[in-house]
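Structure record follows, encoded as structure tokens.
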2 protein chains.
Amino acid sequence: MKRAGLPRLVDVAEAAGVSLASASRAISGGSGISPDVAAHVRRVAQQLGYEPNMHARGLAGGLVPTIGLVVHEIGDPYFADIASGVIRSASLEGRSVQIAQAERTPENELAQVQALLRQRIGAIIIAGSGYADTTREATMAETLAEFTLGGGRAAVIGRHHLPVDSVLPDNHGAGVTMGRHLAELGHRRVGVVAGPLDLNTVADRVAGLRAGLSDAGATLTVVSHPFTREGGIAGARDLLDQDVTAIVGLNDAMAIGILGELRNNRIRVPEDMSVVGFDDIAVAADVAPALTTARIPMFEMGRHAVALILRPPIDEPRTIATTHELIVRASSGPPPAS
Amino acid sequence: MKRAGLPRLVDVAEAAGVSLASASRAISGGSGISPDVAAHVRRVAQQLGYEPNMHARGLAGGLVPTIGLVVHEIGDPYFADIASGVIRSASLEGRSVQIAQAERTPENELAQVQALLRQRIGAIIIAGSGYADTTREATMAETLAEFTLGGGRAAVIGRHHLPVDSVLPDNHGAGVTMGRHLAELGHRRVGVVAGPLDLNTVADRVAGLRAGLSDAGATLTVVSHPFTREGGIAGARDLLDQDVTAIVGLNDAMAIGILGELRNNRIRVPEDMSVVGFDDIAVAADVAPALTTARIPMFEMGRHAVALILRPPIDEPRTIATTHELIVRASSGPPPAS
DNA sequence: AGCGCTTACGAAAGCGCTTCCGCTACGATG
DNA sequence: CATCGTAGCGGAAGCGCTTTCGTAAGCGCT
């Protein structure tokens, strides 16, 4: 197949009456070129409909403008929303996005990041909670540091302790808000079905909850299960023996699982038991009963991450903190009178 | 940054005692090389931990093994599930996946495909219904034909009439099954909230429904709205005046919207009105009431599509037809006695 | 044994770009 | 006015791979 037509950088250079080297500097924003010439070259390139060849660029040592996105599992609405935000923003900037799934294991996450870097990808976004496991986090930090040193841009969503720009959901604050909400309703014995305890997200939300609850002298019982609907079901079973009046799912998927398990046990929500979640995924409003949850702006977080990556780096890593919002629906209410 | 360590193809060639050319042929499966030598080279490459450089490959005129995936909107659970299947399978084969969103417009879809091709991507999967708009489909067909002629592999999920391998959900069959289900329950006046009527998926499902319904002499009222939860809400409003006893959402998102709108109008489901959907997205089981739906195996469709593009092409496009399954939950029942 | 044919392999020419290096021309400096 | 430093630009060397093209070796045939 002859891709005859596509203009190359030489064509642009020729048309603009400059050397190939200057044209390259003009297009890819290198230094050592006068603004006038650069502008002229860019105009000519525009006219010719020039599109840089990714592969040539990658080969020649430059970084490719593709954005790599690592999520745990794209089928999870939390990550799907983030991905949607990332792709939307990237697409507006003419950047393409490569997605890799870490399948919720840290080894895989690291492997996926390294695979992305081997492709000389210019920017990488890692979404999802970090792990408390410090040796693994250290390796990741090292990998990313080397990458950014080499001119790569990196950002993380929802994890701290990594030396790159980050978008941080207000997990602790959301926990506090939710804890207060339950305490205000009158709950004094609360259970939480947490995800794996070595996840930062889990630790932060639980700590927030505990803080919000303890002001009112309420107790928190923690059980840990996978961060999924099934995990929620298992957790609900654990907590059913525990004499609590409210169960918190640490994300909406878990909360939905909890709702299902309670329904199976003919326990009414919220009359007999309150159930709340985190995130406010799209369906939270549609389950039965509609779920009270702490909204985390996933889509916007994705967009923020792209914005960070497109901005030139500064010495200190930047952090964008996002807000949370308590969405009170039908699944939370006062504890039973008894 | 010195990426000193990474072995190159020359290194492999040298270590194996063959020429660069032979090594290339051995690795990228070219012809004109004896099986023995090829096997030997591959073994050496393996030992050295050789990883081909995408960009060099792309530059030299080959196609890059990356898989491009075009979906309408990754935030939609239907596409998220497909994407998850695609990424999972691709990852097992060591292929990376680039995702582009068409944002539900045909122009965008075509533009995204062309952007992908410009990157010399070796394989492309287009997910989502095709459009009845024939001129646009013709352009797409032409683009893909040229691509496959140049050695690219393409597959589509859920659309016909394109001259490439395809994975086809049983939309018509699912419609028939659902129509029969409602007819058997006793419904005689059924409404359907359809997506845009120029989508193949919509046409097929509606036709199936009508067929399944008409056997029992039932009538079908069609209204059309965007293929989203909000579209479902709007459609439900339309149909409320229409004296129907069951409303079909053409996908689960719409059905969930319908459920919400009926709840707002204090119409009980399924006592006063049955509601059913299509797809069986993860949350369909958790909404109130749990949604009766026709299950389409999205995740598996994604995997099938990857399998198709990894298989060498044959003259005739292949088709993998998938099954559907009626999942009866709580949202469908007999029509009110009146 | 000699002929042409096929097949396995090596040498070398790029693919389109970035970047190092060197040159020129200018303004600043003493 | 002579000298040095610097900014702007062009020449040219690769980046790692695929792919002609050419050659040598192996085959069956007359």
Side-chain angles (χ1 to χ4, degrees), chain A residues 1-42 45 48-66 118-122 150-152, chain B residues 1-42 44-45 48-66 118-120 122 150-152:
Chain A
M1 186 172 60
K2 275 262 114 52
R3 298 207 134 282
L6 291 180
R8 298 157 305 159
L9 190 52
V10 260
D11 302 325
V12 175
E14 203 165 317
V18 300
S19 76
L20 180 56
S22 297
S24 172
R25 287 187 271 255
I27 301 290
S28 22
S31 62
I33 190 169
S34 70
D36 297 355
V37 177
H40 175 229
V41 172
R42 273 197 282 266
L48 264 55
Y50 168 73
E51 287 277 0
N53 179 317
M54 283 341 162
H55 298 302
R57 208 174 251 192
L59 223 211
L63 257 21
V64 165
T66 300
R118 257 197 274 103
Q119 293 183 47
R120 289 182 166 284
I121 257 189
Chain B
M1 184 172 61
K2 276 260 113 54
R3 300 209 133 280
L6 290 181
R8 298 156 306 159
L9 190 53
V10 260
D11 303 324
V12 175
E14 203 166 316
V18 300
S19 77
L20 180 57
S22 297
S24 171
R25 286 188 271 254
I27 301 290
S28 22
S31 60
I33 190 170
S34 69
D36 298 354
V37 177
H40 175 230
V41 172
R42 272 197 282 267
V44 172
L48 263 54
Y50 169 73
E51 288 276 359
N53 179 317
M54 281 345 160
H55 298 303
R57 209 175 251 189
L59 224 209
L63 256 21
V64 162
T66 299
R118 258 199 274 103
Q119 294 184 46
R120 290 181 167 284

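Only a predicted model underlies this, so the values are computations on that prediction, with no experimental measurement involved. The sequence lines fix the lettering, A, B, ..., with proteins before strands; numbering per chain opens at 1. The analysis underlying the following values was restricted to heavy atoms, covering all of them including side chains, and did not include hydrogens, waters or symmetry mates.
- With rounding to the nearest 0.5 angstrom, the CZ atom of B:R8 is 9.0 Å from the CD atom of B:E14.
- From A:Y50, atom OH reaches atom CG of A:L6 across 10.5 Å, with rounding to the nearest 0.5 Å.
- Within the structure, every side-chain polar atom (N or O) of A:S22 is placed at least 4.0 Å from both OP1 and OP2 of D:dC9.
- Nearest to the side chain of B:N53, among C:dG16, D:dG10, D:dG16, sits D:dG16.
- Whole-Å rounding puts the A:H55 NE2 to C:dG16 P distance at 12 Å.
- Residue A:H40 contributes atom NE2, which lies 12 Å from atom P of D:dC9 at whole-angstrom precision.
- DNA chain D is contacted by both B:E51 and A:I33; A:I33 maps to the nucleotide lying nearer its 5′ end (nearest heavy atom per residue).
- Here the straight-line distance linking atom CD of B:E51 with atom CZ of A:R118 works out to 4.0 Å at 0.5 Å rounding.
- Applying the 4.0 Å criterion to OP1 and OP2 of C:dG10, one finds that B:S19 has a side-chain N or O inside that range.
- In this structure, A:R57 places its CZ atom 18 Å from C1' of D:dG16, rounding to the nearest Å.
- Across the protein-nucleic acid pair, B:L20 atom CG and D:dT18 atom C1' stand 9 Å apart, rounded to whole Å.
- One interatomic measurement links the two molecules: CG of B:L59 to P of C:dG14, which rounds to 14 Å at whole-angstrom precision.
- Taking atom CZ of residue B:R120 and atom C1' of nucleotide D:dC17, one finds them 12 Å apart after rounding to whole Å.
- B:E14 has its CD atom 15 Å from the C1' atom of D:dG16, to the nearest Å.
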Do B:V41 and B:S22 pass the side-chain contact (heavy atoms from CB on, under 4.5 Å) test, and can you show the C-alpha distance, the side-chain angles, and the key distance before you say yes or no?
CA-CA 9 Å; B:V41 172; B:S22 297; 5.8 Å; no
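- No option in B:L9, B:V12, B:V18, B:I33 other than B:L9 meets the side chain to side chain contact (heavy atoms under 4.5 Å, CB included) test with B:S24.
- Across every strand in view, C:dG27 sits in a pair with D:dC4 that passes the Watson-Crick or G-U test at under 3.5 angstrom.
- For B:R25, the listed nucleotide lying nearest its side chain is D:dT20; candidates were D:dG16, C:dC17, D:dT20.
- Between A:L9 atom CG and C:dT19 atom C1' there is a gap of 13 Å when expressed in whole angstrom units.
- The side chain of A:A21 lies closest to D:dG10 when the candidates are C:dG10, C:dG16, D:dG10.
- For the pair B:A23 and A:I27, nearest-nucleotide mapping onto DNA chain C gives the more 5' position to B:A23.
- OP1 or OP2 of D:dC9 lies within a sub-4.0 Å distance of a side-chain N or O belonging to A:S34.
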